[in-house]
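The structure appears right after this line, and notes come after that.
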Amino acid sequence: MRIDSDDEIEERDTPAMVLVTPADQPAPQPATQPTTQPTTKPAPQPTPQTAPQTNATDPVKDNNNKRKREPSDSALPPPEQKRPRTTAEAKPAVDANKMEVIEKESNNSATTVTPKGEKEVQPPKPQGAEKKVAENVTKPVGKAAAAKAKNAPPTPNAQEKEGQTPKKEETPKTVTGKKEAQTPKKETPAKPLKKANSTPDVKKSSGTPKNTKEEQKRPVTRSSSAKATPTKKKNKSESESESESGSGSESESESGSESGSDESGSESGSEEESSSSSEKKTPKKKTTPKAKPKAKPTPKKKAKEEPPPKKKAKRGSKQEKEEPKRGRKKKEEDAVPIHKWWEEDDDWKKGEKKNWKWRTLEHQGVYFGPDYEPHGIPILYDGEKVKLTPAQEEWATYFARYLDTDHMKKDQFRKNFWKEWKAVLGKNTTIKSFKKVDFSLIKSHLDTAKEERKNRSKEEKNKEKEEKKALKEKYGFAIVDGHKEAIGNFTVEPPGLFLGRGQHPKAGMFKQRVTPEQITLNLGEGVDPPKCPIPGHKWGGIVHNHEVTWLATWRENINGQNKYVLFSAQSSMRGRSDRSKFETAKRLKKCIGKIRKDYTANLKNADDEVAQQRATAMWVIDRLALRVGNDKSEDEADTVGCCSLRCEHVKLLDDNKLEFDFLGKDSMRYHNVVEVDPQVYKNFKTFMSGKKKSEQIFDRLSPPSLNSHLQSLMDGLTAKVFRTYNASITMQKELSKFDEDEMTVEEKVLFFNRASVQVAKLCNHQRSVPKTHQTQMEKIDDQIKDTEDEIAEVKAHIKRLNAGKEAKKRAAGEDGKEKKPFSNNVETCKRKIEALEDRIRKLKIKKKEKDTLKEVSTSTSKVNYIDPRISLVWCQKHNVDIKKIFAKTMRDKFAWAIAEVEATPDFVF
DNA sequence: AATCAGACTTGGAATAATTTTA
DNA sequence: TAAAATTATTCCAAGTCTGATT
């Protein structure tokens, strides 16, 4: 639909203001549809031109669609030898750095310096760590290590000591003013209201000096009850109010708006709107400080609920059916009261609490899945049964799980597994050659178990359900500032094999079981830490970090990254930042004209190569919706984004056309042939000239520098905002094309879905073609055929009727059952034909729809990119039940948007 | 200025739950 | 009523981006 890039470009340049209007849409180009050849399938297909990946890939064809990097690129070296990511020959500095890095690495491996994964005690950290870092991560690590050393004797004291030492160090540390401000965690008030029972962890008391002041000021962290004490913050607010946004979470803009003074306000204004709307609705709320009884039963909900009565008879019946279910569901919904955070104010978030995410926090820690239960099934080695130790067996079992999957086709996966498993087998094992190992016995055991599980009785299923529910009840919620909020992932990730995506160098490595000692919990001061659920163990640490949202964290052993237990998408915490994200995108709409002007001008800025590259990248990010493309290390899959594009990823075609072909996030292939702005084309040509395939096109540009420039153009603007903006604006534009005749709800939904597809294509959200796709297509064909046959039959029947002949008995179906005879009334039969023809039409639409959707994933954009208010407004306007668009979890996640749109039905992004 | 590290968002696949079909 | 199809939810890897370090 939106195609001509040129025209648009022109349009853009002209009047900035035009841009503001919806009409000025940039018309980004969906990756999947090369402007030229609309029909071409989305990237995934092994398109001929990109010949590279051909069959060589077989081993990998796994995800049919996704293109693995592999040999495909003839030029590319095998995985092991990753091509160097030369930034640019021009930059000596860079090279130097690189060398350093390398050196470092080698050192690490060689010496004791551990790659993060290990729990060894970090040497120097303690001191530097003093600040938050120390608190959070380091500490726990240290403890864990210590604990390990002692292993068995989980004497509390041990921990205590450890815990304290670091603290002490901290205290003495001279803390800069800034730090002080930041260290909320340390602030832990000296007043542990509750005695820290045996759990020594509660180091809070550690004498953080500064805390004294702040702490005292702060209303005792008492939980909900006393919240009423908000008052004073005002003084603080003054100075900081505006700067808030800078943090990136401008969620607070609301508060800013209140202050009114805000000059930066232009954008915050948008948010004001929203907030104002809510204000209208609930003026009283304002008066009452935060202390909001969350429990209140929400009456209005019911009002919303009732679905519009359908006219169609058929449908009616269907609905009746649904009714009872709905009732049930409703109940459940009520069970978890919605916290209407958007009706509250954030007045307390001022001054030094500017970056606070919570005031009081209470939860039950994390849930550790069940232990591994040995099954005793041996493997076959060279045909002989070999019994394994529980540990050996456990890993073998994890491996067997993937026997029939595409993971097995990756050399790296098997190789990594073997390397690690060999270590577990030990030196005395008879298992010397991986090729001779046969895991099929274990595999069939797993299959059997799966089958049994599938066939378990109703009682068993219910029982499990109950248990699951109980677990969620216990661990699934946290009390934040007096509100019960759902936690997203309260179960620690279980051990298993690491499955990367694409060609990940670490695929197949062991993801170790996480012990309590490796886990740090984040809790409110004065809250009793939950008891460690594993007997004989204790938590690695407890912190009180008000500036983060995580409830628990640990370090994962594969990449040494932190893992977090976070609130669910339905929580207020996530809701706030989600809304703020869309507000930022909405602000971008206001100044997109200015920004486009900026980069369009700089496209020609040959004097300043950096600026020129930056402008070109901005063009790409804005128009093609690419991600920014941060640098990646060698031990990750080789994927790229805008800034990391290499010459091998772009081809200069004729007529100002560029062909992009690379693996993006999650190794999803991005393949697009686009006609670009002539100047952009020229720039690419320049940037690429004289460079090797493996060199970066934007060698003078780095994501941080790009972002900082964006930041200068608009507060809070970063590269990813363009994706949000373009996705949302595209959706709005697509939906605006709706001319509602007499459409059935199904048709309306279909229209909506098609609009979503446009967005998904823009963002290059793909999925692998469902395995059953082909079958499904055929099935629909069969149905069409059958229907056609029946029509022919009816027609023949009519003929006989008209000829005065006796009705012929219909042939029995394949199942031998008799078919209902046709009516002897000609009119009735004609109507029947019409109905059948209508059915065929629908089937054909369904087929086509299915085929276009087979490799498009619309969920991601729906969940992350499209401002929900756009969809909601549309639903409201065209009388479509929200449930047709958003499933339960989505409705909960977007509760803020639903409320807002109800109040302001004329919302426009 | 380049890296590092932390924290949080984004993403497709896997799995579970529900609905439809046979 | 079971199996198949669909839809919803969970899982956890892989990005982005920021502030601190080197």
Side-chain angles (χ1 to χ4, degrees), chain A residues 62-63 65-66 87 91 93-94 96-98 100-101 104 116 128 131-133 136-138 178-179 182 246-249 318 321-322 325 357 405 454-455 461 464-465 468 488-489 491 493-494 496 498-502 504 506-507 511 545 547-550 553 555-556 558-564 566-569 573-574 577-578 581 627-633 636-637 639 641 664-668 702-708 710-711 718-721 723-724 763-768 770 772 775-776 779 783 813-815 817 850 857 859-861 863-865 886-890:
Chain A
D62 32 64
N63 312 324
N65 306 330
K66 330 192 150 192
T87 328
K91 308 185 146 185
V94 178
N97 287 330
K98 285 223 163 131
E100 279 183 31
V101 176
K104 248 193 212 164
K116 27 282 198 92
K131 63 245 324 335
K132 42 173 91 185
V133 183
N136 299 343
V137 190
T138 26
K178 196 187 181 186
K179 279 179 188 170
Q182 299 185 326
S247 67
S249 66
K318 230 193 220 167
K321 252 194 206 167
E322 290 176 15
K325 285 170 201 166
K357 302 286 169 51
T405 69
K454 206 167 137 196
N455 297 329
K461 282 182 183 168
E464 271 181 39
K465 216 170 182 175
K468 211 170 160 187
N489 55 325
T491 305
E493 292 179 18
F498 173 80
L499 315 175
R501 302 207 185 124
H504 195 116
K506 295 186 174 180
K511 201 167 87 169
N545 189 341
E547 295 188 351
V548 295
T549 67
W550 53 261
T553 185
R555 204 184 289 278
E556 152 269 330
I558 301 286
N559 296 302
Q561 294 171 331
N562 287 345
K563 292 279 194 174
Y564 304 92
L566 299 166
F567 284 101
S568 76
M573 213 92 68
R574 300 285 204 112
S577 71
D578 217 34
K581 170 183 75 188
R627 298 184 185 81
V628 73
N630 281 303
D631 292 335
K632 298 187 71 181
S633 75
E636 297 174 86
T639 62
K665 182 178 179 182
D666 290 326
S667 292
M668 298 303 289
S702 72
S705 70
L706 173 56
N707 276 334
S708 86
L710 293 177
Q711 198 69 245
T718 61
K720 85 185 185 73
V721 179
R723 263 167 89 81
T724 310
C763 295
N764 197 37
H765 289 148
Q766 307 176 30
R767 62 168 178 169
S768 49
T772 57
T775 326
Q776 289 175 35
K779 195 168 260 175
Q783 290 174 339
E814 291 174 9
D815 52 5
K817 277 186 188 171
K850 219 168 195 162
S857 165
S859 60
T860 302
S861 51
V863 173
N864 299 302
Y865 288 106
F886 292 125
K888 174 77 168 67
T889 49
M890 284 290 97

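Naming convention: chains lettered A, B, ... in sequence-line order (proteins, then strands); numbering from 1 in each chain. Just so it is clear, the values below take in all heavy atoms, side chains as well, and ignore hydrogens, waters and symmetry mates.
A donor and an acceptor atom, one from each side chain of A:T775 and A:T772, are nowhere located under 3.5 Å apart. For the residue pair A:S708/A:Q711, the side-chain donor-acceptor check at 3.5 Å is not satisfied.
With sequence neighbours left out, the salt bridge (charged side-chain N to carboxylate O under 4.0 Å, His left out) criterion links A:K720 to no other residue.
The phosphate of B:dC8 has OP1 or OP2 within less than 4.0 Å of a side-chain N or O from A:K357. In this structure, A:Q561 does not reach the C:dC12 phosphate: none of its side-chain N or O atoms is under 4.0 Å from OP1 or OP2. OP1 or OP2 of B:dA13 has at least one side-chain nitrogen or oxygen of A:S768 nearer than 4.0 Å. For B:dC8, neither phosphate oxygen OP1 nor OP2 lies less than 4.0 angstrom from any side-chain nitrogen or oxygen of A:R574. The shortest distance between the side-chain N/O atoms of A:T860 and the OP1/OP2 oxygens of B:dT10 is not below 4.0 Å. Considering only side-chain N and O atoms, A:Y564 lies nowhere under 4.0 angstrom from the phosphate OP1 or OP2 of B:dT9. Taking side-chain N and O atoms only, A:S577 has no distance below 4.0 Å to OP1 or OP2 of B:dC8. Within the structure, a side-chain polar atom (N or O) of A:T718 is placed less than 4.0 Å from OP1 or OP2 of C:dC17. At least one side-chain nitrogen or oxygen of A:H504 sits closer than 4.0 Å to the OP1 or OP2 atom of C:dA14. When the side-chain nitrogen and oxygen atoms of A:R555 are compared with OP1 and OP2 of B:dG6, one or more of them lie within a distance under 4.0 Å. Residue A:N630 places no side-chain N or O under 4.0 Å from the OP1 or OP2 atom of C:dG15. For A:K632 and C:dG15, the shortest distance from a side-chain N or O to OP1 or OP2 is below 4.0 Å. The shortest distance between the side-chain N/O atoms of A:R501 and the OP1/OP2 oxygens of B:dT10 is not below 4.0 Å.
Rounded to an integer number of Å, the gap from CD of A:E636 to C1' of C:dG15 is 9 Å. Here C:dC12 presents its C1' atom at 12 Å from CD1 of A:I558, a figure rounded to the nearest Å.
Across all strands, A:K511 comes closer than 4.0 Å only to sugar-phosphate atoms, never to a base (heavy-atom distances). Using a 4.0 Å heavy-atom criterion, one finds that A:T549 contacts the sugar-phosphate atoms exclusively. Counting non-hydrogen atoms under 4.0 angstrom, A:N707 reaches the backbone sugars and phosphates but no base. Using a 4.0 Å heavy-atom criterion, one finds that A:G629 contacts the sugar-phosphate atoms exclusively. Nucleic acid contact for A:L499: sugar-phosphate only, since backbone atoms but no base atoms lie under 4.0 Å from a heavy atom of the residue.
Across B:dA22, C:dC17, B:dT9, the shortest atom-to-atom separation from the side chain of A:Q783 is found for B:dA22. The side chain of A:L566 approaches B:dT9 more closely than any other nucleotide in the set B:dG12, B:dT9, B:dA7. Residue A:V628 places its side chain closer to C:dC17 than to any other of C:dC17, B:dG11, B:dA16.
No side-chain donor-acceptor contact under 3.5 Å links A:N562 to the backbone of A:T553. A donor-acceptor contact shorter than 3.5 Å links the side chain of A:R574 to the backbone of A:F567. Without hydrogens or angle criteria, A:N630 side chain to A:P703 main chain gives no donor-acceptor distance under 3.5 Å. Judged by distance alone, the side chain of A:E636 and the main-chain N or O of A:S633 form a donor-acceptor pair under 3.5 Å. Using modelled atom types, one side-chain atom of A:K506 and one backbone atom of A:I558 make a donor-acceptor pair closer than 3.5 Å.
A salt bridge does not link A:E556 with A:K511: every distance from a Lys NZ or Arg NE/NH1/NH2 to an Asp or Glu carboxylate oxygen is 4.0 Å or more. Under the 4.0 Å criterion applied to side-chain N and carboxylate O atoms, A:K357 and A:E547 are not assigned as salt-bridge partners.
Where A:G488 and A:G500 each meet DNA chain C at their nearest nucleotide, the meeting point lying more 5' is that of A:G488. In this structure, A:P704 and A:N864 both approach DNA chain B, and ranking their closest nucleotides by distance from the 5' end singles out A:P704.
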For nucleotides 7-10 of chain C, list the nitrogen or oxygen atoms of the protein found under 3.5 Å from its nitrogen or oxygen atoms, one pair per line.
from, atom 1, to, atom 2, distance (Å)
C:dT9, OP2, A:T889, OG1, 2.5

Check nucleotides 1-5 of chain C for protein N or O atoms closer than 3.5 Å to its own N or O atoms and list the pairs.
from, atom 1, to, atom 2, distance (Å)
C:dA5, OP1, A:K779, NZ, 2.9

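Using cut-offs of 30° and 60° for the angle between ring planes, the A:W550 and A:Y564 rings count as tilted.
For A:K720 against B:dT9, no side-chain N or O and base N or O form a donor-acceptor pair under 3.5 Å.
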